[in-house]
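Presented below is the structure to which this report refers.
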2 protein chains.
Amino acid sequence: MTTLTPAGEKLLAAASTLFYRRGIRAVGVDLIAETAGTTKKTLYDRFGSKDALVALYLERRAAYWQGFLLDRMAGRTLVEVFDVLALWLADQDRGCAFVNAYAEIGGTDHPAEPVIRAEKEWMRAYLVDLARAAGLPDRLGIELHLLYEGATVMATAGGVPEAPALAKAAAERAVSACGSAPTSG
Amino acid sequence: MTTLTPAGEKLLAAASTLFYRRGIRAVGVDLIAETAGTTKKTLYDRFGSKDALVALYLERRAAYWQGFLLDRMAGRTLVEVFDVLALWLADQDRGCAFVNAYAEIGGTDHPAEPVIRAEKEWMRAYLVDLARAAGLPDRLGIELHLLYEGATVMATAGGVPEAPALAKAAAERAVSACGSAPTSG
DNA sequence: ACGTAACCACACCGGTCTGTATACTCGCAG
DNA sequence: CTGCGAGTATACAGACCGGTGTGGTTACGT
């Protein structure tokens, strides 16, 4: 939650929208500065490099998504994460920003790579915690995470908008299978 | 299975490796031509544009993966697709080429977009057919597809190499839950 | 012998890429 | 009133981008 100057915030906001919608390499720093209504000089004064700006974009986005999820999940049950996902994907039509970023920078030593890993690990831990709180085994949280990632991919790249609903149905079956045989794993 | 000239094949082979390892936008046509030991002129004579080359790269890769899968699945059972996936990912360490390509070109009118959709649909249909042949409901095949996509993401962007094995365990539970209550859906 | 497909070598085009430099204005705190 | 951080505007560097054009060299089928 780094504090930025006003021009810095405008740059980060413009970069976030552009990176998500068009991809990282497809967006140049000139376009970011122009969209933000400021200059490239200010961009480099604030962020140092495009790579650092990319890392910050992903950090902010992770925080935003996590806030969105925790807010919408208040008072809801485990499998309803897929309802929240469907809600999220209705606006975010380019899929998972972290998977997309990994597609462009994966395998390099880009500063954003640990941010990507951390976001996936956060989501995994969140679902495992939720399962545990419901008296269900950890492996069920992990399974739900796989369904969650699969649903995100299929809803976007796969062109199957009902994927989150399908994943929810699968998750419900997995949960009830656990309930009827709780110590079988 | 378009027939290409020898130089065309060399170009497509070089492009395939480079696109997969580094991403599409990160690789220029000059580098492709140089890596193939030929010239940019020949590239444009054979393929017309970089976009067309990208589409052909994905078509060939889909055919290669499908051949690999069908070959390794001979005589195996439904859930063993995850073993084949683990085998595949041992070599292909940059994840799903189609998800990665969608991250870079999704939302545009790029000629490769239908190729991406078709590959996801093929895999979905394959798993549904396999489920059906085993006397299991279609929805189980769809569920396994979600687990498959989730496992691919987590094994690469998520940095969890055991993801296919976790997905296989989840798939086995889903299958046995079906067996014990076959007409509950 | 002739046409043609395939290929190579190389130069060129306008544009864009990340990143740096120069020079100036403004508001504010010591 | 002075010094500084933040901002603007603009020009530049050197490389790379996708794509085109010219000219010359093989090899092959008719």
Side-chain angles (χ1 to χ4, degrees), chain A residues 2-58 100-101 103-105 107-113, chain B residues 1-58 100-101 103-113:
Chain A
T2 318
T3 302
L4 286 175
T5 61
E9 286 291 348
K10 285 196 293 181
L11 282 163
L12 182 52
S16 296
T17 304
L18 289 166
F19 284 155
Y20 181 67
R21 303 265 276 253
R22 306 193 196 176
I24 292 167
R25 297 197 78 111
V27 173
V29 286
D30 295 274
L31 178 60
I32 295 169
E34 190 192 337
T35 305
T38 177
T39 65
K40 215 164 39 157
K41 174 74 160 59
T42 304
L43 190 155
Y44 279 93
D45 284 348
R46 295 294 133 251
F47 304 102
S49 69
K50 183 186 178 181
D51 283 355
L53 179 60
V54 168
L56 205 53
Y57 145 64
L58 290 174
N100 292 354
E104 295 199 69
I105 67 162
T108 68
D109 57 350
H110 197 286
E113 189 156 340
Chain B
M1 202 60 78
T2 318
T3 303
L4 286 174
T5 59
E9 286 292 349
K10 284 196 293 181
L11 282 163
L12 182 53
S16 297
T17 304
L18 289 166
F19 285 154
Y20 181 67
R21 303 266 277 250
R22 306 192 196 176
I24 292 166
R25 297 197 78 111
V27 173
V29 286
D30 294 275
L31 178 60
I32 294 169
E34 190 192 337
T35 305
T38 175
T39 65
K40 215 164 39 157
K41 178 70 162 60
T42 302
L43 190 155
Y44 279 93
D45 284 347
R46 293 296 134 252
F47 304 101
S49 69
K50 184 187 178 182
D51 284 355
L53 179 58
V54 169
L56 206 52
Y57 145 64
L58 290 174
N100 291 354
E104 296 198 68
I105 66 160
T108 67
D109 57 349
H110 197 287
E113 188 156 339

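Here is the naming used below: chain letters follow the sequence lines, and residue numbers restart at 1 for every chain. This one's a predicted model, so the numbers in the text were calculated from it and none came from an experiment.
Between Thr5(A) and dG7(D), a side-chain N or O to OP1/OP2 separation shorter than 4.0 Å is present. Look at Thr38(B) and you won't find any side-chain N or O under 4.0 angstrom from OP1 or OP2 of dC7(C). Contact annotation: Ser49(B) does not reach the phosphate of dG18(D) (side-chain N/O to OP1 or OP2, under 4.0 Å). For dG7(D), the OP1/OP2 oxygens have a side-chain nitrogen or oxygen of Arg46(A) closer than 4.0 Å. Contact check, Lys41(B) against dC8(C): no side-chain N or O comes under 4.0 Å of OP1 or OP2.
Between Tyr44(A) atom OH and dT18(C) atom P the separation is 6 Å, expressed in whole Å. Counting to the nearest Å, the P atom of dG19(D) and the CG atom of Asp51(B) are 6 Å from each other. Rounded to whole angstrom, the span from the CG atom of Leu43(A) across to the P atom of dC17(C) amounts to 13 Å. Rounded to an integer number of Å, the gap from Leu53(B) CG to dC17(D) P is 14 Å. Whole-Å rounding puts the Leu31(A) CG to dC17(D) P distance at 19 Å. Across the protein-nucleic acid pair, Glu34(A) atom CD and dT10(D) atom C1' stand 14 Å apart, rounded to whole Å. Summarising the geometry, the separation between CZ on Phe47(A) and P on dG19(C) is reported as 14 Å, rounded to the nearest angstrom. Here the C1' atom of nucleotide dT20(C) and the NZ atom of Lys40(A) are 9 Å apart, to the nearest Å.
At a threshold of 4.0 angstrom between heavy atoms, the contacts of Gly37(A) are confined to the sugar-phosphate backbone, with no base atom among them. Within 4.0 Å of Asp30(A), counting heavy atoms only, lies at least one base atom of the nucleic acid.
Separation of atoms NZ (Lys10(A)) and OG1 (Thr5(A)) is listed at 9.5 Å; rounding is to 0.5 Å.
A 6.0 Å sphere centred on CD of Glu34(A) holds no more than 12 heavy atoms belonging to other residues, nucleotides or ligands.
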Name every donor-acceptor pair, under 3.5 Å, that has one atom in a side chain of residues 23-32 of chain B and the other anywhere in the protein, sequence neighbours excluded.
from, atom 1, to, atom 2, distance (Å)
Asp30(B), OD1, Lys40(B), NZ, 3.2

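In this structure, the nucleotide among dC7(C), dT10(D), dG7(D) sitting nearest to the side chain of Thr42(A) is dG7(D).
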Audit row: Leu11(A), Leu53(A), side chain to side chain contact (heavy atoms under 4.5 Å, CB included) steps and yes/no: CA-CA 9 Å; Leu11(A) 282 163; Leu53(A) 179 60; 5.5 Å; no
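Taking all atoms of both residues into account, the shortest heavy-atom contact from Ala101(B) to Leu58(B) is CB-CD1, 3.8 Å.
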